[in-house]
Visitor: 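Provided herewith is a single structure, encoded as structure tokens, for subsequent inquiry.
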Amino acid sequence: MSDSSGGRTGPFLQEADRYSAHNYKPLPVVLDRGEGVWVWDVDGRRYLDMLAAYSALNQGHLHPTIINAAREQMERLTLTSRAFHNDQMGPFLRELCDAMGYEKALPMNTGAEAVETAIKLVRKWGYEVKGVPDGKAEIIVCDGNFHGRTTTIVGFSSEEEYREGFGPFTPGFRRVPYGDVEAFREAVSPNTVGFLMEPIQGEGGVVVPPEGYLRETREICSEHDVPFIADEIQTGLGRTGRLLCSQWEEVRPDVVLLGKALGGGVYPVSAVLADDEYMQVFRPGDHGSTFGGNPLGAAVGRAALQVVLDEDLSGRAAELGNWLMDELRGMKSPHVDHVRGKGLMVGVVIRESSGPARPFCEALRDRGILAKETHRQVIRFAPPLVVEKSTLEEALPDIAAVLSA
Ligand SMILES: *Cc1c(COP(=O)(O)O)cnc(C)c1O
């Protein structure tokens, strides 16, 4: 591990290197404090957080509303299990259903658990309601997808790196090219019980599908009685300039998956939203989670949602995102192939001839900006949605310098 910075960073890097499984390759920066869009390292250097924990920090670090809700709840009741009721889960799910326009919600913890829940939900719906023969249910997914890291989920990934060495995998998935309406239409069969998709592929490299893709695949789903499942774990809760990214094409998914920012940067909270038609297939004993719906997570989720709505984070993302993308395009960097995204989910695609995106992220780090490469060639800029325009304006010269070096 290299540490050019001296100071206290080195020993932390060595310790993590020694004791942590090497399943990540983090930038060599060790953080010990955060507030809003800022984080500080153990030597007191300040950085602008342009990753926001992969959009789990839409509300920023230590948002007072969320921290207060967590603190109050922590001093009252934190965990009941679902063997008993608690006074936070019901209000949380009601507020979530009201905001998103669904009849029911099922609370889990991580994003991957929400995805697994949706897979179980639509499979059971397929057998009980659609009449698919037992064991024949098929879910269509997209090339380049990222839905989490469980064995079932990596089993239908198109990334060799995510899959290799982890088989055998769960059957019942069929992959189609992302953004290709006709390929999807051809893949639908009488046994299709779901189309699981991301409205923008985040980990896939901030890949925005062609205009109309969501609407047209949604229509095909309706024609063939196939539930349209939008994984909005990264795109949801304001990130792309709408509460849900699906709303850009006025699409109402049958099943919506939320996570990441639903936990307000504090606590893992995820949820599956759907109407009764689907949700009624779950009966006592079918599915569960020890921590899902716990009062601490529910209180945090309520505050996290409230901040997204009260501070109009969607509106901020829409306005700042368009402006930021224009500024980045205006830099006319010789290394940049193109800039893409929606709202404050922005990908800067580095030309193959300029090498991978990683050294650009390291150079940004040296200038006090934390961003992370995704998919080798893409720098993702996705700051907390509470970011001020002036803060981004101040960062632009540093970004320009790094992109033109
Ligand atoms: C992050 C992510 C997940 C997985 O969430 P975890 O909380 O890491 O399990 C699933 N889907 C999408 C689109 C994501 O970005």
Side-chain angles (χ1 to χ4, degrees), residues 21 23-24 26 51-58 106-122 139 141-159 161-163 166 173 175 178-179 194-209 213-214 228-240 242-246 248 253 255-273 289 291-292 294 297 300-301 304 317 341-347 372-375 378 380-382 384-385:
N23 56 328
Y24 275 93
L51 177 66
Y54 305 93
S55 294
L57 282 160
N58 287 359
L106 194 159
M108 295 294 281
N109 312 284
T110 65
E113 287 174 305
V115 173
E116 291 275 354
T117 300
I119 291 168
K120 289 171 74 174
L121 176 74
V122 297
I139 295 172
V141 299
C142 296
D143 288 344
N145 72 70
F146 181 84
H147 298 286
R149 298 290 198 167
T150 65
T151 44
T152 288
I153 294 171
V154 299
F156 59 76
S157 170
S158 53
E159 283 299 298
E161 200 189 1
Y162 297 168
R163 295 164 52 90
F166 300 127
F173 299 92
R175 247 185 5 245
Y178 186 62
F195 178 41
L196 172 61
M197 62 95 68
E198 300 154 89
I200 294 175
Q201 291 185 332
E203 296 320 293
V206 191
V207 181
V208 184
Y213 182 62
L214 303 185
F228 183 100
I229 309 161
D231 180 346
E232 298 254 13
I233 290 166
Q234 189 163 151
T235 51
L237 295 167
R239 173 53 60 186
T240 71
R242 293 281 187 277
L243 195 53
L244 296 176
C245 186
S246 307
W248 276 107
V255 181
V256 171
L257 313 183
L258 293 174
K260 293 206 163 103
L262 194 56
V266 174
Y267 191 94
V269 182
S270 66
V272 176
L273 292 135
S289 159
F291 280 84
N294 75 72
V300 165
K342 265 206 169 80
L344 280 173
M345 186 166 177
V346 176
K372 191 77 169 64
E373 77 278 9
T374 169
H375 242 243
V378 184
R380 170 171 29 199
F381 289 118
L385 307 182

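Read the numbers this way: they start at 1 and go in the same order the structure lists the ligands and their atoms. Throughout, numbering of the chain's residues begins at 1 and tracks the sequence. All values below were derived from every heavy atom in this structure, side-chain atoms included, with hydrogens, water molecules and symmetry-related copies excluded.
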Visitor: Nearest protein heavy atom to atom 1 (C) of ligand 1, by residue and atom, and its distance?
Guide: K260 NZ, 1.5 Å
Visitor: Would you confirm whether T374, through its side chain, and E203, through its main-chain N or O, come within 3.5 Å as a donor-acceptor pair?
Guide: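 Here the side-chain-to-backbone pair exists.
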Visitor: Which heavy atom of F166 sits nearest to which heavy atom of T151, and what is that distance?
Guide: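 In this case the closest contact between F166 and T151 is O-CG2, 4.3 Å.
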Visitor: Looking at residues at least two apart in the chain, or sitting in another chain, which of them share a side chain to side chain donor-acceptor pair (under 3.5 Å) with D143?
Guide: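 Checked D143 against side chain to side chain donor-acceptor pair (under 3.5 Å); matches are R175.
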Visitor: Taking all non-hydrogen atoms of both residues, which atom of P199 and which atom of P209 are closest, and how far apart?
Guide: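 Shortest heavy-atom contact: O-CD, 3.1 Å.
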Visitor: Suppose we measure from atom 11 (N) of ligand 1 to each protein heavy atom; which comes out shortest, and what is that distance?
Guide: D231 OD2, 2.7 Å
Visitor: About how many Å separate CG of L258 and CG of D231, when rounded to the nearest 0.5 Å?
Guide: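 Rounded to the nearest 0.5 Å, the CG-CG separation comes to 9.0 Å.
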Visitor: For atom 4 (C) of ligand 1, which protein heavy atom lies nearest, and how many Å away is it?
Guide: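 The protein heavy atom lying closest is A112 N, 3.8 Å.
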Visitor: Considering the heavy atoms of I233, write down every atom of ligand 1 situated less than 4.0 Å from one of them.
Guide: 2 (C), 3 (C), 10 (C), 11 (N), 12 (C), 14 (C)
Visitor: With heavy-atom distances below 4.0 Å as the criterion, list the atoms of ligand 1 near F146.
Guide: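 Result: 1 (C), 2 (C), 3 (C), 11 (N), 12 (C), 13 (C), 14 (C).
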Visitor: Treating R380 as the side-chain partner and G347 as the backbone partner, does any N or O pair qualify as donor plus acceptor under 3.5 Å?
Guide: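 Such a contact is absent between R380 side chain and G347 backbone.
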Visitor: State the atoms of ligand 1, each with its element, that fall below the 4.0 Å cut-off from a heavy-atom position in Q234.
Guide: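 This gives 15 (O) as the contact atoms.
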Visitor: If you have a sec, work out which protein heavy atom is nearest atom 6 (P) of ligand 1 and how many Å separate them, to one decimal?
Guide: G111 N, 3.4 Å
